[in-house]
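What you are looking at is a predicted structure, and each value in this text was computed from that prediction instead of being measured. Hydrogens, waters and symmetry mates play no part in the numbers below; they use all other heavy atoms, side chains included.
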Amino acid sequence: MSKVGKHVGTPELIQRLEELYPNARIALNFSNPLELLIATILSAQSTDVGVNKVTPALFARYKTADDYASADVLELESIIKSTGFYHNKAKSIIGAACKLQNDFGGQVPCTMAEITTLPGVARKTGNVVLTNAYGIIEGIAVDTHVVRLSNLLGLTTELDPVKIERDLMRCVPKPKWGMMSHLLIAHGRAVCQARMPKCATCTLGDVCQKHHM
């Protein structure tokens, strides 16, 4: 794991991100843990905006784990098609719902060990659901924004999400774990965009590893 930038430490970096994005929060729309689980599964290789466009109709049609478990796969696919990879996502959703019914009484479990037994659910999805639906902090959700920015900001030199999460959990104070991914994602969307980063206007230039190579 590399050190953070040349001029600031992790606590100051977090403070600066918090000042830039005081309202950073999850962008997916949901009203209960099941809805967030489904939305997060759909968000793979898709944008939160794209997911939020399909979930109103989806959540109106399917309200319980049993509804998803007994869903007609073609009907489910037709609703989620625009999010991409809809065959695999429909399979994961139905599989996860069946396991919820069989093993967890139809309820989304609230531990990482249990939630990651669901089809289509790895640590990223587990962290998103536990943190945002239950307020339970077991780790830090690592998506593509977090992968890119945690490297640029010198928080890690890893590319594997599990290893990146491990490094972040070492250098970020635990009370900040739940917010850390929201802050990095907010900066990734607003300034440090993958295709056209706004480096000239970025206030974190003194920290960015791109400027210290």
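- Among residue pairs with one or both ends in residues 193-204, none qualify as side chain to side chain donor-acceptor pair (under 3.5 Å); sequence neighbours excluded.
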Donor-acceptor contacts under 3.5 Å from residues 114-121 side chains, at least two apart:
| unit_1 | atom_1 | unit_2 | atom_2 | d |
| --- | --- | --- | --- | --- |
| E114 | OE1 | T111 | OG1 | 3.1 |
| T116 | OG1 | M112 | O | 2.6 |
| T117 | OG1 | E114 | O | 2.6 |

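- Among all heavy-atom pairs drawn from A90 and E77, the shortest one is CB-CG, 3.6 Å.
- At a threshold of 4.5 Å between non-hydrogen side-chain atoms, the residues Q209 and N151 do not count as touching.
- Under the 4.5 Å side-chain heavy-atom criterion for Ile, Leu, Val, Met, Phe, Trp and Tyr, L20 and L153 are members of the same hydrophobic cluster.
- Between the side chain of K176 and the backbone N or O of I14, no donor-acceptor pair lies under 3.5 Å.
- Atom CG of L37 is separated from atom CG of L100 by 6.5 Å, given to the nearest 0.5 angstrom.
- Although no hydrogens or angles enter the test, the distance criterion places a donor-acceptor pair under 3.5 Å between the side chain of N127 and the main chain of G139.
- Taking CG of L58 as the reference point, atom CG of L76 lies at 6.5 Å (rounded to 0.5 Å).
- Contact detail for A186 and A24: the closest heavy-atom pair is CB-CB, 4.4 Å.
- Residue pairs meeting the ring pair (Phe, Tyr, Trp, His ring centres under 6.0 Å) criterion with at least one partner in residues 95-146, sequence neighbours excluded, do not occur; the list is empty.
- F30 meets the ring-ring contact (aromatic ring centres under 6.0 Å, His included) test with no other residue; sequence neighbours excluded.
- One finds the CD1 atom of I140 at 4.5 Å from the CG atom of L168 (value rounded to the nearest 0.5 Å).
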_Pair R16, L204 - check side-chain contact (heavy atoms from CB on, under 4.5 Å), show working._
CA-CA 8 Å; R16 288 165 64 173; L204 300 179; 3.8 Å; yes

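- For the side chain to side chain donor-acceptor pair (under 3.5 Å) condition, the pairs that include at least one residue of residues 31-42, sequence neighbours left out, are S31-E35.
- Residues L152 and V207 form no side-chain contact, since every pair of their non-hydrogen atoms from C-beta on lies 4.5 Å or further apart.
- The side-chain heavy atoms of L36 and I26, taken from C-beta on, include a pair separated by under 4.5 Å.
- If you chain together hydrophobic residues whose side chains sit under 4.5 Å apart, I38 and V49 never meet in one group.
- In this view, S70 satisfies the side chain to side chain donor-acceptor pair (under 3.5 Å) rule with no residue, not counting sequence neighbours.
- The side chain to side chain donor-acceptor pair (under 3.5 Å) search around Q107 returns none, not counting sequence neighbours.
- Sequence neighbours left out, the pairs with a member in residues 171-197 that pass ring pair (Phe, Tyr, Trp, His ring centres under 6.0 Å) are Y21-H187.
- Here L149 contributes atom CG and L183 contributes atom CG; the two are 11.0 Å apart, rounded to the nearest 0.5 Å.
- Side-chain contact check for C192 versus R148: some heavy-atom pair is nearer than 4.5 Å.
- K99 is linked by a side chain to side chain donor-acceptor pair (under 3.5 Å) to D103, counting only residues two or more places apart in sequence or in another chain.
- A heavy-atom distance below 4.5 Å is not found between the side chains of M169 and K174.
- T83 places a side-chain N or O within donor-acceptor distance of the main-chain N or O of I80, the cut-off being under 3.5 Å.
- Note that the CE atom of M179 and the CG atom of L17 stand 11.0 Å from one another [nearest 0.5 Å].
- Residues A133 and P33 approach most closely at CB-CA, 3.8 Å, considering heavy atoms.
- Listed by first and then second residue, the side chain to side chain donor-acceptor pair (under 3.5 Å) pairs involving residues 44-57 are D48-R189 (not counting sequence neighbours).
- Note that CD of Q15 and OG1 of T10 are 13.0 Å apart. Values are rounded to the nearest 0.5 Å.
- The ring pair (Phe, Tyr, Trp, His ring centres under 6.0 Å) pairs that include a residue from residues 55-84 are Y62-Y68, where partners are two or more places apart or lie in different chains.
- Smallest separation of non-hydrogen atoms from C202 and V191: CB-CG1, 3.7 Å.
- Legend: residues meeting side chain to side chain donor-acceptor pair (under 3.5 Å) with Y86, ordered by chain and number and at least two apart, are absent.
- With a 4.5 Å cut-off on side-chain heavy atoms, I137 and L130 do not count as touching.
- I164 is listed as a side-chain neighbour of E158, based on a closest heavy-atom distance under 4.5 Å.
- Counting heavy atoms from C-beta outward, D167 and L155 have side chains that stay 4.5 Å or more apart.
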*asked:* What verdict does the salt bridge (charged side-chain N to carboxylate O under 4.0 Å, His left out) test give for K124 and E165, after you've listed the backbone C-alpha separation in whole Å, the side-chain angles of each residue and the deciding distance to 0.1 Å?
replied: CA-CA 9 Å; K124 177 223 164 183; E165 182 186 8; over 6 Å; no

